[in-house]
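Per chain, numbering begins at 1; letters A, B, ... match sequence-line order. Small disclaimer: the values here were computed from a predicted structure and weren't measured. Heavy atoms only: backbone and side chains are in, while hydrogens, waters and symmetry mates are out.
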Protein chains: 4
Amino acid sequence: MSSSSPQQRRGDTRQRIQDVALELFAEQGYEKTSLREIAERLGVTKAALYYHFKTKEEILISVFNDQTRPIDELIAWAREQPRTLETKEEILRRYSETLVSGASLYRFMQENQAAVRELSIGETVKNRLFAMVELLRTADSPLTDQVRCVSALFTLHAGMMFLQHVEADDPEQTRQAALEVAIDIIKQAHHAE
Amino acid sequence: MSSSSPQQRRGDTRQRIQDVALELFAEQGYEKTSLREIAERLGVTKAALYYHFKTKEEILISVFNDQTRPIDELIAWAREQPRTLETKEEILRRYSETLVSGASLYRFMQENQAAVRELSIGETVKNRLFAMVELLRTADSPLTDQVRCVSALFTLHAGMMFLQHVEADDPEQTRQAALEVAIDIIKQAHHAE
Amino acid sequence: MSSSSPQQRRGDTRQRIQDVALELFAEQGYEKTSLREIAERLGVTKAALYYHFKTKEEILISVFNDQTRPIDELIAWAREQPRTLETKEEILRRYSETLVSGASLYRFMQENQAAVRELSIGETVKNRLFAMVELLRTADSPLTDQVRCVSALFTLHAGMMFLQHVEADDPEQTRQAALEVAIDIIKQAHHAE
Amino acid sequence: MSSSSPQQRRGDTRQRIQDVALELFAEQGYEKTSLREIAERLGVTKAALYYHFKTKEEILISVFNDQTRPIDELIAWAREQPRTLETKEEILRRYSETLVSGASLYRFMQENQAAVRELSIGETVKNRLFAMVELLRTADSPLTDQVRCVSALFTLHAGMMFLQHVEADDPEQTRQAALEVAIDIIKQAHHAE
DNA sequence: TATGAATGAGGTTTCATTCAT
DNA sequence: TATGAATGAAACCTCATTCAT
């Protein structure tokens with residue numbers, strides 16, 4: 001009743017560009033998606049995109065910044081917690097939830113690492129990954145335990161991908177299973193100390 | 001010792017194209033790598049590439065087919081073994097070795113999933129992944145155990161990526177650690193039965 | 001009087017592309033004419049052509065559609081007339097006039113049948129020719145009379161070609177002569193009934 | 001039993017190139033047919049074509065020269081005959097037969113006038129057409145009669161094209177009908193004198 | 001009598017971007 | 001807040017042709 005009439009859409013064009021762009025980026029990849037396509041699917045001109053964003057890259061950057069804020073907040077929060085096992089479990093739990101709410105973007109980043117790496121956000125992505133690892137691992141722990149931390153994170157991501165391709169059953173159930181396994185893995189790392 | 005003079009190079013151009021192409025694909029991504037670049041780095045004309053390969057995609061396909069043969073052999077072998085825990089461990093061990101020998105290609109596929117998905121090899125990649133999962137998981141096992149199988153595989157891949165980005169220490173050591181963790185994870189899945 | 005200064009040309013680029021394209025297509029053939037040539041003769045970039053038309057073929061299609069409308073109208077008109085000799089004569093008369101006003105295009109189609117056949121307009125061209133024949137011939141008439149109908153049409157076309165190559169005298173006079181002969185031929189077909 | 005084994009084919013490669021080339025030229029047009037296609041259909045290399053012919057154009061020229069000799073002979077013969085109506089009828093008769101035996105080539109020339117015009121044979125083709133017209137028309141005859149001569153020739157050609165597209169009935173029957181009509185037309189021109 | 005390998009020129013098409021309106 | 005028109009660069013690919021073997 002309120003969202004799709006042309007008049008009501010006034011002012012939310014910027015948002016709609018972001019939505020459609022992410023949709024296409026995730027569907028076809030960043031390089032394969034042209035501004036023409038985005039504009040066409042929106043029913044506007046390419047030039048209109050340039051009114052709202054300075055470059056193609058900036059569209060992605062803006063989506064990225066909007067949608068990854070929760071991760072930054074998670075990292076900030078985690079840095080103030082004690083490094084207990086409970087904290088680590090909570091980190092994984094929150095991260096898992098975040099992955100769901102920004103599923104398209106994370107799927108996009110997973111599948112377009114090469115493209116993202118060349119972009120200005122590449123560095124940020126890498127830093128954030130390292131920050132996450134840093135929060136999960138215990139300094140001076142053996143190499144296998146460090147691997148376990150990364151493994152736990154990747155397990156959550158892997159859960160999402162199974163969700164994409166298998167698409168059987170309840171996605172939420174898959175996520176819970178992945179979370180359970182990830183916590184299990186990190187427990188191993190913690191016990192070892 | 002004698003390989004780079006123009007005369008000596010006769011006859012191995014096809015191979016050299018494959019090498020340089022993979023190098024660049026892995027470095028910059030598939031879409032971002034142009035045939036001009038490949039040709040220039042080789043010191044030949046674009047047209048020369050087209051003498052040896054019908055399309056850009058075919059270059060990738062040929063590299064892919066050459067380098068993933070070990071995986072096919074591994075799968076074939078595994079299908080004839082009993083589904084014991086020992087077999088599964090051996091699968092992971094061999095898979096881990098394969099990942100090392102074809103490191104560039106696997107890194108490429110990891111980072112260019114979006115591009116690969118659209119290509120004709122996309123289907124093959126997906127099938128192979130499912131085949132691997134099928135060999136590791138036990139039918140009718142609980143969802144968490146199925147996730148563990150995928151997790152074990154991704155752990156090996158994650159090991160490689162750490163190898164890329166951290167690039168500290170001995171890569172071989174990192175691989176061993178990842179393998180150890182992966183085997184550990186799969187053991188959990190097996191015990192549960 | 002005022003038409004060729006760059007400022008004044010605004011807005012008629014599409015038309016100018018069509019004009020120049022037809023000019024070159026007729027001069028050199030469809031395949032031999034490159035978009036570079038068209039663009040150069042117009043003083044714009046190749047990309048500008050693609051702003052106005054999706055493909056090279058579409059340029060031809062648009063010219064074709066614009067210039068053959070009279071033929072469609074002629075066919076539509078003829079279908080509502082009684083099949084008398086007078087009607088047939090009138091058809092030839094009008095067709096002859098049409099050939100003159102769209103001379104470049106018809107010359108082009110005559111000389112580039114092979115190219116046109118492969119294009120999407122090929123079918124349309126064929127259908128139109130058959131429709132014309134259908135309007136001129138009498139059902140169940142002997143084979144020779146059917147040939148005469150085609151012959152009459154081709155005579156008009158032949159008139160145009162003589163006009164091109166001989167280009168002596170008054171073209172209009174040649175056209176009149178061709179028309180006279182064509183009508184004569186069709187009369188033979190009609191008398192025979 | 002004798003023609004297709006690789007051994008027997010020795011020595012007739014040149015001829016086979018001509019055959020396949022004409023086949024493809026007629027099918028797809030001169031410009032659209034590449035030497036690669038010709039070579040592939042023959043099962044030889046492009047370079048092999050260059051052993052037998054200096055250029056692509058020369059392949060066409062050689063086919064043209066071989067197959068249009070009858071026309072030259074016809075013209076030579078006709079020039080020594082008296083300019084009676086009987087002679088003209090005989091010319092048309094012989095021309096009609098020639099069109100059949102060289103059908104592919106004449107179809108090709110009809111459909112590729114634009115391409116042929118740019119080639120070195122273009123001039124020859126035009127000269128031969130004018131020579132034919134010269135033999136049929138009577139000097140100082142009225143314009144309509146001159147048109148009739150061209151019309152008669154085009155009628156024979158038109159007969160061939162109907163043969164292509166309608167492809168119903170007996171082609172030979174169509175040819176006879178076209179010949180009959182053509183003779184009829186030329187008779188008109190003659191009577192008028 | 002052919003082939004394998006390569007080239008240089010050029011083809012059509014697409015892209016991100018700009019700017020006057 | 002957008003559009004219409006255009007550009008420059010570059011993409012993938014094909015072609016006729018050459019030449020050493």
Side-chain angles (χ1 to χ4, degrees), chain A residues 9-14 17 31-39 42-59, chain B residues 6-7 9-14 17 31-39 42-59, chain C residues 6-7 9-14 17 31-39 42-59, chain D residues 9-14 17 31-39 42-59:
Chain A
R9 252 159 31 193
R10 278 281 155 75
D12 65 344
T13 300
R14 197 190 141 93
I17 293 173
E31 325 261 16
K32 270 272 187 155
T33 301
S34 69
L35 295 185
R36 180 180 50 69
E37 274 177 296
I38 297 176
L42 271 168
V44 297
T45 343
K46 266 183 296 174
L49 306 185
Y50 279 90
Y51 177 79
H52 292 281
F53 299 94
K54 260 206 293 281
T55 64
K56 181 185 181 183
E57 187 174 350
E58 224 201 34
I59 298 180
Chain B
Q7 287 88 336
R9 266 179 352 213
R10 276 285 150 71
D12 64 342
T13 302
R14 197 189 141 92
I17 293 172
E31 325 261 19
K32 269 275 187 159
T33 301
S34 71
L35 295 183
R36 182 180 49 70
E37 276 176 296
I38 298 177
L42 273 168
V44 295
T45 346
K46 271 178 293 169
L49 305 186
Y50 280 94
Y51 174 75
H52 292 281
F53 300 94
K54 263 205 288 285
T55 63
K56 181 184 180 184
E57 186 174 349
E58 223 202 35
I59 299 180
Chain C
Q7 286 88 337
R9 266 180 350 216
R10 276 286 149 72
D12 64 343
T13 302
R14 196 191 142 93
I17 292 173
E31 325 261 19
K32 270 274 187 160
T33 302
S34 71
L35 295 183
R36 181 182 49 72
E37 275 176 296
I38 298 177
L42 273 168
V44 295
T45 346
K46 272 178 293 169
L49 305 185
Y50 279 92
Y51 174 75
H52 292 281
F53 299 95
K54 263 203 289 282
T55 64
K56 181 184 181 186
E57 186 174 350
E58 223 201 34
I59 299 180
Chain D
R9 253 158 30 191
R10 279 278 156 77
D12 64 343
T13 301
R14 196 189 142 92
I17 292 172
E31 325 260 19
K32 269 272 187 154
T33 301
S34 70
L35 295 186
R36 181 178 51 68
E37 275 177 295
I38 298 176
L42 273 168
V44 296
T45 342
K46 266 184 296 173
L49 306 185
Y50 279 91
Y51 177 79
H52 292 283
F53 300 95
K54 260 206 294 281
T55 65
K56 181 185 180 183
E57 187 174 350
E58 224 201 33
I59 299 180

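Atom NZ in B/Lys46 sits roughly 13 Å away from atom C1' in E/dT12 (whole-Å rounding). One atom, OH of D/Tyr51, and another, C1' of F/dT18, lie 16 Å apart when rounded to the nearest Å. A/Tyr50 has its OH atom 17 Å from the C1' atom of E/dA20, to the nearest Å. Atom CG of B/Leu49 is separated from atom P of E/dG8 by 14 Å (rounded to the nearest Å). When rounded to the nearest whole Å, the span between CD of C/Glu31 and C1' of E/dT12 equals 12 Å. Note: CG (B/Leu35) to P (F/dT14) measures 11 Å, nearest angstrom. For D/Ile38 and F/dT14, the CD1 to C1' distance is 15 Å, given to the nearest whole Å. When the P atom of E/dC15 is taken as reference, atom NZ of A/Lys56 falls 8 Å away, rounded to whole Å.
A sub-4.0 Å separation between OP1 or OP2 of E/dA2 and a side-chain N or O of D/His52 is present. Between C/Thr13 and F/dA6 there is a side-chain polar atom (N or O) within less than 4.0 angstrom of OP1 or OP2. When the side-chain nitrogen and oxygen atoms of A/Ser34 are compared with OP1 and OP2 of E/dC15, one or more of them lie within a distance under 4.0 Å. Side-chain nitrogen and oxygen atoms of A/Arg36 include at least one within less than 4.0 Å of the OP1 or OP2 phosphate oxygen of E/dC15.
DNA chain E is contacted by both C/Lys32 and D/Gly43; D/Gly43 maps to the nucleotide lying nearer its 5′ end (nearest heavy atom per residue). Of the two residues near DNA chain F, B/Glu57 and A/Thr45, the one whose nearest nucleotide lies more 5' is A/Thr45. Between B/Arg14 and C/Ala47, the residue anchored closer to the 5' end of DNA chain E is B/Arg14, taking for each the nucleotide with the nearest heavy atom.
The main-chain N or O of A/Ile38 is never found under 3.5 Å from a side-chain atom of A/Lys46 such that the two would form a donor-acceptor pair. Under the 3.5 Å distance criterion, the side-chain polar atoms of C/Thr45 are left unmatched by any main-chain donor or acceptor of C/Ala48. Between the A/Lys32 side chain and the B/Glu31 main chain, no donor and acceptor come within less than 3.5 Å of each other.
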Checklist entry - Given the rule in the side-chain contact (heavy atoms from CB on, under 4.5 Å) test, do B/Leu35 and B/Tyr50 qualify, once you have shown the distances and angles that lead to the verdict? => result CA-CA 10 Å; B/Leu35 295 183; B/Tyr50 280 94; 2.9 Å; yes

Item to check | Residues A/Arg14, A/Ile17; criterion side-chain contact (heavy atoms from CB on, under 4.5 Å); working and verdict | outcome: CA-CA 5 Å; A/Arg14 197 190 141 93; A/Ile17 293 173; 5.6 Å; no

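With a cut-off of 3.5 Å on both Watson-Crick or G-U wobble distances, the partner of E/dT7 is given as F/dA16. In this entry F/dT21 has E/dA2 as its Watson-Crick or G-U wobble partner, both defining distances falling under 3.5 Å.
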